[in-house]
Structures are given as structure tokens and as C-alpha cells.
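Report on one structure; see the data block that follows.
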Amino acid sequence: MPTNTAVNEEEEEQMEQMDKVEEVQEVEEKLEKAEEELIITPYPSGDPRRQKTLCCHANKNKNKNNNMQEAFVNLNGIPTHIITWGKWIEESLSDVTELVICITGNPGLPGFYTEFCGALQQELGADGHNLPVWVIGHAGHDDPPEASIREVPQLSGNQELFNLDGQISHKIDFIKKYVPSHVKIHLIGHSIGAWMILQLLKDQEIRNRIKKCYMLFPTIERMMESPNGWTFTKIAMPLYSVFGYIFFNVFNALPIWLRILFIQIYFWIFSIPKQFTGTALKYGKPSVAEKVVFLADDEMARVRGLQRELVENNLHLLKFYYGTTDGWVPVSYYNQLKFDYPQADAQLDTKKIAHAFVLRHSKPMASIVSNMIQQNLH
């Protein structure tokens, strides 16, 4: 006969297993619901049905997540996931004089930035500055749901849409299409997003709209020479070229509950919040993963020496924030920048915030960036 203790332990174990199954089912239901609702609109700008379609998912989340709205819109010929706090991109900005736009790092999935941007908008609002906050990911890094009328072009034969030049054209299209000329932009660039900001400043029309650029953990030089750059080029890329296609296709062929389970085990090992499970699932798609790796490979080839003339001509617009534990941007890069440009507005992190801050340090980083923005308002 089993003892009462053994029975209790068995019941507890069964309850834990049931909780895990219910949790996986809940995530699966949310993903299916989101795929049904995030549909690219077929209607032209100005058609009231367009706004209704664009915000079908956003309106349902508006009161639950700090006025967050999201949808896929067409930019540079590519369906693009946009997430906003405050005003949606197609709402009137006649009463807005300044807004915040965040350009992601790589991988460029906006879902990883929801906690950071939501906290940033709250911080700014708490101080009486109700600035809209928008985040745009990278072209091809976030596939629209299957119900969408548009698809992201495949990488093969369309490399010019997904390399660094294509990503810059993608951001230019977004700003010129959705930001009125009277609105000043606080432009946040994380990692490779900071390098993209430097390229955007070559466009005089966009440069004239910039209030300040906030370069967070900026990969703007010598990427291949960094510790992580060496690891990526010497180890990760050779492994991906041999096993990447097989791995991602096998992973994506697994039942969704099993994929979620593997992701959550990975998150548990590396202390990553479960809220990013849905975004990580998107990252696991072969069509997304190949574009992420393709862009990273282009970064290694293109981001070499510091673009000195570009930095010098725009130094008054740039605020740099460097980490102290950053394998992509060593502290020596910060020291060299300050040596070459003593007047540069560059700050070294004191809180040991990681390069991929959006995974574990979104709220402290939001406070830091909020303070930066408030110093440059009006």
C-alpha cells in the first residue's frame, strides 16, 4: 500500500504537469488568435475600412497593455510589424510636436521591445510628456499571419530588400510615409539600429526632422573584431551553413506545444521572461531565421571602421550609451570614441545592463532613456 506522503507527492506532480499543459495551451490559443487578427489591410490610405482592419488586434489590446496597438503595414514592398503606444501611425498627429521611434537590433522582431517601449511611454507620461512611442522591426524578420493577403518575399533573388541597404530604405519609407514634417523625432537605435540611424542622417529631409538620436549599445564600428563578432564569423556561421537549414525546418515541423516547451526550457535556463515565447516562436521560422542570419552576415562585412565624417557632422544630434559587459561593443570602443571626440555625449553603463537589454533589463533601460529624452524636449 502506498503511503499518504507518496500519494500526495504523486498528486502534486500530476497537478504540476496539468498546469504546464494548460499554460502551453493558453499560449497556443493566444498565438492562433493573434494570427487571425493581425491582418494586412487591403484598403488604400484614407479609406475608413483601412484603419478598422489595421487596428482590429490593436483595439482589443488597447486597455490591457498601456494603449499598445499593433498591425502589419506595407513598407518598401514588405509587410512590416509595427507596434505603437500612444497614437497609432495613421491617427492624426496635428496635436503632436514630438514622438519617439525605436529601431530594433538584430533579430528585428518588435515583440521583443514591448516591455521596453511600453515602460518608456509610461515613464514619459508620468512626467507630463505624453509622447507617442513607435517601434519598427527589420524587413523580413517578422512574418505576417497566414490569413494575410500579402507575404514576405523569399530571400533568394531579393537580397537587396533584406541587406543593410534594404533595411535603411525600409526605415526611410516608414518615416516619410507616417511622420508629418512638423513633428520632431526622438530616434532610438539599439545595436545595429544605431548604425542604421547614422545612415538615415545622410538623408537631409529626415535629418531635419530629428530632435535627438539615442544610440544604445551601438554596433557602429568593428563588429567582426569584437568578441561576439569573432564567435559569429568563426563558429556560428560555419555551423549555420551546415546545420541551420535542417535545424530550423525540423524545429518548425514539431507540434506547436513541443516548440513552446523547448523555448520555455531555454528561457528557464537563461532566465528569460516567458512573455517572449510568442516572439521566439516567430524567430524559429526558417524564413525568418535565414533573413536574420543574412543581415548579421552583412553587418560583419559592412560595419568596419567608424564613419568619422558622419559622426563628426552629427555629433550634436547623437547620444551614446555603452555597456560594460558587451561582447559586441567592448568598453575599449567607448574609450576610443571619447579619446577621438572628447565633446561626444557618451555615457558608460553603471548597472551591468546586457547588450540584449530588452530580455531582462527593459524597465531600468526605459528609465535611463526617458531621462535622456526629457533633457532634449522642446
* Structure fact -> Taken in chain and number order and not counting sequence neighbours, the residues that satisfy side chain to side chain donor-acceptor pair (under 3.5 Å) with N163 are none
Provide the closest heavy-atom pair for [X] versus [Y] in the form atom of the first, atom of the second, distance.
X	Y	result
P286	F248	CG-O, 3.6 Å
N106	A296	ND2-N, 3.4 Å
G284	N252	O-OD1, 4.0 Å
A280	F267	CB-CZ, 3.7 Å
T324	D349	CG2-O, 3.2 Å
L310	N314	O-ND2, 2.8 Å

Only distances under 3.5 Å count here; give the side-chain donor-acceptor pairs of residues 153-162 to other protein atoms, sequence neighbours excluded, each with its distance to 0.1 Å.
from	atom 1	to	atom 2	distance (Å)
N158	ND2	Q154	O	2.9
Q159	OE1	G157	N	3.2

* For H81 and D143, what are the C-alpha separation, side-chain angles and deciding distance, and is it a side chain to side chain contact (heavy atoms under 4.5 Å, CB included)? -> CA-CA 8 Å; H81 193 184; D143 281 348; over 6 Å; no
Can a donor-acceptor pair be found, under 3.5 Å and without considering hydrogens, that links the side chain of [X] to the backbone of [Y]?
X	Y	answer
H182	V96	yes
T114	P110	no
N313	E309	yes
Y321	I368	no
S287	K285	no
D142	H138	no
D173	S169	no
N208	Q204	yes
K338	A344	yes
K87	S92	yes

* **side chain to side chain contact (heavy atoms under 4.5 Å, CB included) assessment of V311 paired with D340** => CA-CA 11 Å; V311 170; D340 293 341; over 6 Å; no
Within the structure provided, determine whether [X] and [Y] are in side-chain contact (heavy-atom separation under 4.5 Å).
X	Y	value
R222	L306	no
M215	I197	yes
L99	H186	no
P132	W85	no
Y178	W134	yes
P79	N74	yes
Q69	I83	no
Y240	F232	no

Give the cluster check for [X] versus [Y]: same hydrophobic cluster or not, with ILVMFWY residues linked at side-chain heavy-atom distances below 4.5 Å.
X	Y	value
Y245	F251	no
W230	M300	no
I235	I246	no
I206	L315	yes
M68	L120	yes

Roughly how far, to the nearest 0.5 Å, is [atom2] of [Y] from [atom1] of [X]?
X	Y	atom1	atom2	value
E91	T84	CD	OG1	7.5 Å
T233	N228	OG1	CG	10.5 Å
I192	T219	CD1	OG1	4.0 Å
F262	W257	CZ	CH2	8.0 Å
L187	I175	CG	CD1	5.5 Å
Q264	I269	CD	CD1	12.5 Å

Side-chain atoms of residues 352-365: list all donor-acceptor pairs with protein atoms under 3.5 Å, sequence neighbours left out, distances to 0.1 Å.
from	atom 1	to	atom 2	distance (Å)
H355	ND1	D326	OD1	3.0
H355	ND1	D326	OD2	2.7
H355	NE2	S191	OG	2.9
R360	NE	F270	O	3.0
R360	NE	S271	O	3.4
R360	NH2	F270	O	2.6
S362	OG	V358	O	2.9

Do you see a donor-acceptor pair shorter than 3.5 Å between the side chains of [X] and [Y]?
X	Y	answer
N371	Q375	no
Q374	S370	yes
Y283	H141	no
K171	Q199	no
E312	Q307	no

* To do: Would you list the pairs meeting salt bridge (charged side-chain N to carboxylate O under 4.0 Å, His left out) in which at least one residue belongs to residues 189-216, sequence neighbours left out?
  =>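 Every salt bridge (charged side-chain N to carboxylate O under 4.0 Å, His left out) pair that includes a residue of residues 189-216, provided the two are not neighbours, is E98-K211, K176-D203, K176-E205, E205-R209.
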* **Identified side-chain contact (heavy atoms from CB on, under 4.5 Å) partner of Y113 from the options V135, T279, I103, V133** =>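 That would be V135; it is the only one of V135, T279, I103, V133 passing the side-chain contact (heavy atoms from CB on, under 4.5 Å) with Y113.
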* Asked: Quick one: ring-ring contact (aromatic ring centres under 6.0 Å, His included) partners of Y322, sequence neighbours excluded?
  ->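 Partners of Y322 under the ring-ring contact (aromatic ring centres under 6.0 Å, His included) test: Y334.
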* Asked: Among all residues two or more places apart in sequence or in another chain, which pass the ring-ring contact (aromatic ring centres under 6.0 Å, His included) test with F112?
  -> F276
* **Worked check of side chain to side chain contact (heavy atoms under 4.5 Å, CB included) between L109 and K282** => CA-CA 8 Å; L109 289 91; K282 296 180 179 181; 3.8 Å; yes
* **N130 vs Q121, side chain to side chain donor-acceptor pair (under 3.5 Å): CA-CA, chis, key distance, verdict** => CA-CA 7 Å; N130 193 26; Q121 212 263 345; 3.1 Å; yes
* To do: Determine, stepwise, if the pair I136 / T104 fulfils side chain to side chain contact (heavy atoms under 4.5 Å, CB included).
  => CA-CA 7 Å; I136 176 174; T104 68; over 6 Å; no
* Please confirm whether R150 makes a cation-pi placement over F72, using NZ or CZ under 6.0 Å from the six-membered ring centre and within 45° of the ring normal. => no
